[in-house]
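Everything below concerns the one structure shown next.
One is the number of the first residue; the rest follow in order along the sequence.
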Amino acid sequence: MSVVGFDVGFQSCYVAVARAGGIETVANEYSDRCTPSFVSFGPRNRSIGAAAKSQVVTNCKNTVQGFKRFHGRAFSDPYVQAAKSSLVFDLAQMPTGTTGIKVMYMEEEKVFSIEQVTAMLLTKLKETAEAALKKPVADCVISVPSFFTDAERRSVMDAAQIAGLNCLRLMNDTTAVALAYGIYKQDLPAPEEKPRTVVFVDVGHAGYQVSVCAFNKGKLKVRLFLHILSMVLVLNRHSMLIFKAGLGLKKEDIYAVEIMGGASRTPAIKDRISKFFGKELSTTLNADEAVARGCALQVSSRAEWHMSHAVLHCSDCEVFPKNHAAPFSKVLTFYRREPFSLEAYYNNPKELPYSDPTIGQFTIQKVVPQPSGESSKVKVKVRVNVHGVFSVSSASLVEVVKSAEGEEPMEMDTPVKEDENKMQVDQEVQKAQGDDQKEHADKKSDTEDMETSTEDNKQEEKKNEQPPQAKKAKVKTKTVDLPIENSLNWQLAGEALNLFVENEGKMIMQDKLEKERNDAKNYVEEYVYEMRDKLHGVLENFVSEADRDSFSLKLEDTENWLYEEGEDQQKQVYIDKLVELKKLGEPIQNRYTEAEERPKALDELGRQIQQYTKVVEAYKAKDELYDHLDELEMMKVDKQMNEAMTWMNNKMNLQSKQSLSQDPVVKAQEIQAKTKELYSACNHIVTKPKPKVEPPKEETAAEQNGPVNGQEGSEAQTGNPEKGQAAPETTEAKLPEMDIN
C-alpha cells in the first residue's frame, strides 16, 4: 500500500508518496509540486489550487484562502473578529456558532463551514496523488501545527472524512520535519550514547515553531518549546529568551540548526536566527517539502511526540501534563451514587493560542449506588489518541454481588465513606508505541501506581492486624459498561457531518460534469482555429475555392456563436456542433492524408512485384536456385504478378488525371490490401526451400572394407546367436559416431 502524506499549509500544499523504496513529492496537473491553498466558487463549479489562485483578482469575493487558521473556532472568537476586517471574502456564523465562509456558488448565496472548504482542498490533493499513483487513495497522514488544540484537530479530522480520506494520523509539523531529517541518517549515535541535539526552526506564512530533537539510531524524541501564531511574523528577543530559558542548552550542545518553511528564505529572518544560536544555519532539508515527506515516512517509524499545551484537567485532577507522550491512556476511579459529569480543559489559557480552554464535557450515565446504599466504584478510561485528540473512551461500574452458598467467592475491599469524593488514577500503557515509549510509559505507570495505591495498602495493613475471627464477609463483583454522553467543544454533529459528506459528493459530480461540458466546448473552439489555419496552409490544394470559402464562412459563424449565444450551452450542443463541422472538414483532411500515404503504399506494392518478377525470370532461365520449384505454381506466381502490375498501372494512370481537390480514385488502404493479397498468394511458393540430398551411408562403406583394427573375434561373438552370454559392445555399433574417411 502506498502511503500518502499531505502538508496542508496556510498558503500552499504539498503531496508526498512512499514508493519504489523512497519518498517522492508528486506534481499536480500543472507539473508543479506546490498546490496553492485556494478555493474559488463560480456560477457552475469550483476551482481549486492553481486554477483558483488565478481568479484572486477577477473573482476576489468568492475566492478564499488562509482559512486554515479558523479551524475549530467560534464566529464570536476574538481572533476571528479581528481577522474579519483584513479579509476580502466574507465570514458568517454557522447554525452551530462556528465560523463559516459566505460565497456565491451556483448563482446562490451559500455559507460553507471551514471543514467543508478544507475538504475541498483535500479532495484536490487526493486527485493529485491518485493521478501520480494510478490508483485510488484513501489512507493518508495530514500535517497540523504543533500548537493546534483539541477542537482544531477534530475539525481537520472531520474535513478529511468529508473528503473521503481515512486519516491514519494527524502529525505535528515539527515531528514530521524531525522524521524526514533523521530517518536516513547513518551516522547517528548508538542508543546508549549521548543523543545528537538538532534544533528545527519552521518559519511559515502565518506562524513559526521551534523544536529540539534528540537523535539516536532508531530513536528520536521531540520536545516543543516555542510556537507563535500571528498574521504578522515577529521574531523578537523576548520570545527567543523564553525559548533559551526553557531549553537549558549551551551552544556546544547543539549539533545543527535546521531552518525550513515558506518564509525561511527571508535574509533578515535567517540572520536573526543565526545570531541567536551563534551558529551557521543548516539547509540540508527541502524547506518546502520536508513536512510532506515526513508525513509519508511516518507509517514506517516509531516516533514519540509530546503534547505541546498545558495540563489537561479533568474534575480538577491533572491527567495529561504538558509535554506528555501521546498516544496514551489512563484509567480514573470514582466513587459515585448517581450519574456525574467530567469537564476536560487546558489549565493555562495564557499559553494557549486559543480563546476557549474548554475541551468538552463527558457525562457518565446510569450510575447507581450499591445494594447496600454505598457509593459504586466507577472506572473511567480517558485517552489522548495518535491525533492528539482527548476523549473518554469507556466507563464501567464495578457492581458488588452477594455470593451464593457453597461458591468460592472473590475478595473485595469495601470502600470507606471518606473516599467518596476521591479519585484514583491508573495508567494503561499503549503497547503499540514501540520499545522506547513503552519503557517511558512503564516508568511513569509504576510511579503513579505507587502514589494512588497508598490508601489500599493502609486498609490491607489494618485487615492483617485484625484477629482471624473478625474476618469480613466475602463478596464477588461484576463489571457493567456505562453509556457516555459527549459534549465536545465545537464538534460537528453526526447528522451535519453526513450531510457535508453527501454535499461534497454532489459538488464533485457537478465539477466533473462542468469539466466535460467545458472540454466539449474547447474541442469545438480548437477545431475552428485549427481548420481555419490549415485551409490556407497544408490543406489549400485539397479543397476547391468554392468549398474553401463556404467552409471558412461556416467556421467564422461558429466562432461568433461560441462567444455569443454558444457561451453557455449544454454538453450535447457542443458535440453536435463539432459533428456538423467535421462533416465538411473531414473529406478535405482525408484527401490530404491519402496524398501523403498513397505514394508509400504504391512503392511497397511495386517492390513486391519487382521481387517476384526477378524470381520468375530466374526460374525461366533455369537458375539452379529455383529449379526445384513446381512449374504450375510458378505459372500461378507469374499470373498474379502480371495482374497486380496491370491493376497498379491502371490506378496510377486514373489518379494522375484527378485533381488534388477531388476524392482519390484509389485509397492507400486498397493498395495495402492488394499488396497483402499478392504476398499471400506468391510468397510461400517462391520461398519454398530446396530439398536436401542425403550423402551415402557410411555404414555401407565400413561393411565393404571389412572389420576395422582386426576385431574379428568381437564380430564373431556378436553374430553368434547361440551363445547365451551377454555380448560386449561391438565396433559396428560405434561406427555411426565415428568420423571415417
On a heavy-atom basis, the closest approach of Gly204 and Ala263 is O-CB, 3.8 Å
In terms of heavy-atom contacts, Leu121 and Pro36 come closest through CD1-O, 3.9 Å
Tyr574 versus Gln569, closest heavy-atom pair with distance: OH-N, 3.1 Å
Going by the angle between their ring planes, with limits at 30° and 60°, are Tyr105 and Phe41 parallel, tilted or perpendicular? perpendicular
Classify the side-chain pair Glu127/Asn28 by whether it contains a donor and acceptor separated by less than 3.5 Å. no
Does Glu567 have more than 12 heavy atoms from other residues, nucleotides or ligands lying within 6.0 Å of its CD? yes
Atom CD1 of Ile273 and atom OG1 of Thr266: how far apart are they, to the nearest 0.5 Å? 9.5 Å
Can you confirm if the aromatic rings of Phe67 and Phe89 lie within a centre distance of less than 6.0 Å? no
Have Glu289 and Thr25 got a donor and an acceptor in their side chains that come within less than 3.5 Å? yes
From the list Arg293, Arg33, Arg265, salt bridge (Lys or Arg N to Asp or Glu O under 4.0 Å) partner of Asp288 resolves to Arg265
Thr98 versus Thr96, side-chain donor and acceptor atoms under 3.5 Å: yes
Could you tell me whether the side chains of Thr358 and Asn489 share a donor-acceptor contact shorter than 3.5 Å? no
Would you indicate whether the side-chain heavy atoms of Trp490 and Arg154 approach each other to under 4.5 Å? no
Indicate yes or no: at least one non-hydrogen side-chain atom of Asp519 is less than 4.5 angstrom from one of Lys515. yes
For residues Leu122 and Ile142, determine if any side-chain heavy atom of one lies less than 4.5 Å from a side-chain heavy atom of the other. yes
Do Asp77 and Phe70 have side chains that approach each other closer than 4.5 Å (heavy atoms only, starting at C-beta)? no
For Lys126, look at atom NZ and say whether over 12 heavy atoms of other residues, nucleotides or ligands are found less than 6.0 Å away. yes
For Tyr354 together with Tyr346, are the ring centres under 6.0 Å from each other? no
Non-hydrogen atoms of Gly294 and Leu179 that approach each other most closely: O-CD2, 3.6 Å
With distance as the sole criterion, is a donor-acceptor pair present between the side chains of Ser155 and Glu152 under 3.5 Å? no
Indicate whether the side chain of Ser282 and that of Glu258 have a donor and an acceptor atom separated by less than 3.5 Å. yes
Rounded to the nearest 0.5 Å, what separates atom CD1 in Ile48 from atom CZ in Phe38? 13.5 Å
Under a 4.5 Å cut-off applied to non-hydrogen side-chain atoms, are Arg46 and Ile508 in contact? yes
Check whether any side-chain heavy atom of Ile23 lies under 4.5 Å from a side-chain heavy atom of Tyr184, and answer yes or no. yes
Which residue in the set Ser329, Ser394, Ser393 passes side chain to side chain donor-acceptor pair (under 3.5 Å) when paired with Arg383? Ser329
Specify whether His205 and Phe10 have parallel, tilted or perpendicular ring planes, treating 30° as the upper limit for parallel and 60° as the lower limit for perpendicular. parallel
